[in-house]
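One structure below.
Note that the structure is a prediction, hence the values are computed from the model and not measured.
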2 protein chains.
Amino acid sequence: MTAEAAPTRRTELLAIAAQLFADKGFKNTTVRDIAEAAGILSGSLYHHFDSKESMVDEILSTFQEQLFASYDAVLASDVDARTKIEQCVRLSFAAIDEHPHEVAIFQNEAAYLLTFDRFGYLADRNAQSRNLWMTLLTEGVSSGALRGDLDVTLTYRFIRDTVWVAVRWYRPGAGHSHEAIADQYLTILLDGIATTGG
Amino acid sequence: MTAEAAPTRRTELLAIAAQLFADKGFKNTTVRDIAEAAGILSGSLYHHFDSKESMVDEILSTFQEQLFASYDAVLASDVDARTKIEQCVRLSFAAIDEHPHEVAIFQNEAAYLLTFDRFGYLADRNAQSRNLWMTLLTEGVSSGALRGDLDVTLTYRFIRDTVWVAVRWYRPGAGHSHEAIADQYLTILLDGIATTGG
DNA sequence: GTCTATAAACGGATAGAC
DNA sequence: GTCTATCCGTTTATAGAC
């Protein structure tokens with residue numbers, strides 16, 4: 001019904017490339033693979049894109065823009081730190097559900113892509129994400145919602161890793177919903193797996 | 001003092017390759033990269049190894065053999081499930097400390113390598129690891145050490161992912177020791193990050 | 001927007017000299 | 001154990017026809 005109802009050829013090709021990059025890796029995917037999956041020849045791809053690199057660039061930058069816009073919305077809302085933490089975790093699992101290929105590419109290829117100047121913005125996004133979580137966790141400790149003896153930096157890494165690494169096994173539509181998985185993860189993260197009575 | 005005091009050329013070359021595979025990825029590392037880092041030419045590598053594939057094969061299979069031997073020792077010991085879980089977590093962080101390159105290669109390349117027949121043993125090791133954790137977690141729930149409402153499968157993935165993904169940021173000798181990190185992770189995993197009083 | 005044809009570079013691997 | 005020299009398949013990318 002909106003402008004997205006008719007995806008452009010460019011968008012279609014990017015979706016095809018994203019799936020291949022996610023499944024086989026950026027370096028393991030050839031432009032011929034992408035072209036074949038799209039039903040055209042490799043030379044034709046260059047009518048749409050400068051290079052294979054610019055394809056993954058557009059995939060990642062578009063996704064990151066959307067993702068961080070939704071984080072910003074949570075940050076700007078008027079709820080306490082613990083609620084914001086919960087919302088950011090749920091939002092991340094929703095992103096894995098909606099954009100599994102983009103998340104996988106970022107998880108698997110960011111370290112390699114960062115060695116190129118043009119992907120410097122990925123480092124900026126990492127810093128932005130770090131700031132977000134460190135702020136929320138520090139607030140949570142100050143307000144007494146989180147334990148005072150937490151190592152905030154380590155906890156940040158713990159949350160970041162556990163959330164995003166789920167893209168390795170989560171498959172939309174199979175098993176638990178992303179909401180159910182977020183519930184379970186939040187329960188473990190906030191309350192632990194041990195019985196309190198010992 | 002033992003046989004390991006004088007590393008063979010073969011072992012040296014594997015260590016150099018492991019670092020490159022871990023840092024840049026298997027596919028992104030050329031045999032010329034490995035040779036250059038070793039101070040020789042690429043052709044000379046083939047005096048020691050059949051192929052680039054057989055290099056990563058030897059790196060991974062050697063490491064996995066050691067790792068699973070130490071898991072077996074924990075399993076065979078006469079302590080309760082919770083203690084075994086703690087020991088397996090500590091043991092894993094120790095492995096990251098001692099063999100960061102090998103762990104990184106397994107984490108980053110296993111999915112790709114598994115598409116080749118010769119790396120089928122990696123799937124066997126994955127199954128072995130899964131069995132180990134599922135057994136310990138089920139025992140923990142039965143004995144009342146772990147919460148009865150746990151989703152054991154999800155908890156297994158949660159533990160596996162959080163432990164091994166640390167290889168992405170942990171650097172031996174910098175910041176916390178691997179023992180300190182294991183302590184923190186176990187505290188979060190077992191007791192959560194929230195204050196119990198609310 | 002796609003195809004044909006091909007350039008140009010890269011990368012794994014080999015044979016034989018030293 | 002390493003080097004020289006090189007083969008050959010693969011891959012990214014380009015130019016111009018349709």
Side-chain angles (χ1 to χ4, degrees), chain A residues 3-61 105 108-109 112-119, chain B residues 3-61 105 108-109 112-119:
Chain A
E4 294 186 46
T8 63
R9 185 70 170 135
R10 182 185 192 81
T11 310
E12 281 176 7
L13 292 172
L14 283 179
I16 289 165
Q19 171 151 21
L20 287 167
F21 291 157
D23 288 348
K24 318 203 317 170
F26 178 70
K27 194 84 179 188
N28 291 320
T29 302
T30 69
V31 290
R32 286 186 178 128
D33 290 336
I34 302 169
E36 189 187 17
I40 59 179
L41 292 184
S42 64
S44 307
L45 274 181
Y46 290 84
H47 172 72
H48 302 276
F49 306 97
D50 281 350
S51 64
K52 196 173 89 164
E53 250 183 40
S54 72
M55 296 186 79
V56 75
D57 194 341
E58 189 164 336
I59 290 167
L60 285 179
S61 58
I105 295 168
N108 298 329
E109 314 289 346
Y112 169 66
L113 295 175
L114 269 169
T115 62
F116 302 98
D117 283 346
R118 75 179 294 172
F119 292 100
Chain B
E4 295 185 48
T8 63
R9 185 70 170 135
R10 181 185 192 81
T11 309
E12 282 176 5
L13 292 172
L14 282 180
I16 288 165
Q19 171 150 21
L20 287 167
F21 291 157
D23 287 349
K24 318 201 319 170
F26 177 70
K27 195 85 180 187
N28 292 322
T29 302
T30 68
V31 291
R32 287 178 174 91
D33 289 336
I34 301 169
E36 189 187 16
I40 59 179
L41 292 185
S42 64
S44 307
L45 274 181
Y46 290 84
H47 173 71
H48 302 276
F49 306 98
D50 281 349
S51 64
K52 196 174 89 164
E53 251 182 40
S54 72
M55 296 187 78
V56 76
D57 195 343
E58 188 164 337
I59 290 167
L60 285 180
S61 57
I105 295 168
N108 298 329
E109 313 290 345
Y112 168 66
L113 295 175
L114 269 168
T115 62
F116 302 98
D117 283 345
R118 76 180 294 172
F119 292 100

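Residue pairs meeting the salt bridge (Lys or Arg N to Asp or Glu O under 4.0 Å) criterion with at least one member in residues 18-33 of chain B, sequence neighbours excluded: B:K24-B:D33. Under the salt bridge (Lys or Arg N to Asp or Glu O under 4.0 Å) criterion, the residue pairs touching residues 46-58 of chain B are B:R10-B:E58, B:E53-B:R118, B:D57-B:R118, with sequence neighbours excluded.
As rounded to whole Å, 16 Å separates atom C1' of D:dA13 from atom CG of A:D33. Counting to the nearest Å, the C1' atom of C:dT2 and the CZ atom of A:R9 are 9 Å from each other. The distance between atom CG of B:L45 and atom P of D:dG1, rounded to the nearest whole Å, is 13 Å. As a whole-Å value, the separation of B:I40 CD1 from D:dA5 P is 18 Å. As a whole-Å value, the separation of A:I34 CD1 from C:dT2 P is 14 Å.
When the side-chain hydrogen bond (donor to acceptor under 3.5 Å, both in side chains) test is applied to A:T11, the partners found at least two apart in sequence or on another chain are A:T8. For A:A22, the side chain to side chain contact (heavy atoms under 4.5 Å, CB included) partners at least two apart in sequence or on another chain are A:H101, A:A104, A:I105. For A:A15, there are no side chain to side chain contact (heavy atoms under 4.5 Å, CB included) partners two or more places apart in sequence or in a different chain.
Phosphate contact (OP1/OP2 of C:dG1, side-chain N/O of A:R10, threshold under 4.0 Å): absent.
Residue-level contact check: B:L41 touches the bases, meaning some heavy atom is under 4.0 Å from a base atom.
Among the nucleotides C:dC3, C:dT2, D:dG1, the one closest to any side-chain atom of B:H47 is D:dG1.
With rounding to the nearest 0.5 angstrom, the CD1 atom of B:I16 is 9.0 Å from the CG atom of B:L45.
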Mark up nucleotides 11-18 of chain C, 5' to 3', with B wherever a protein heavy atom is under 4.0 angstrom from a base atom, S wherever such an atom reaches only the sugar-phosphate, and - elsewhere. BBBB----

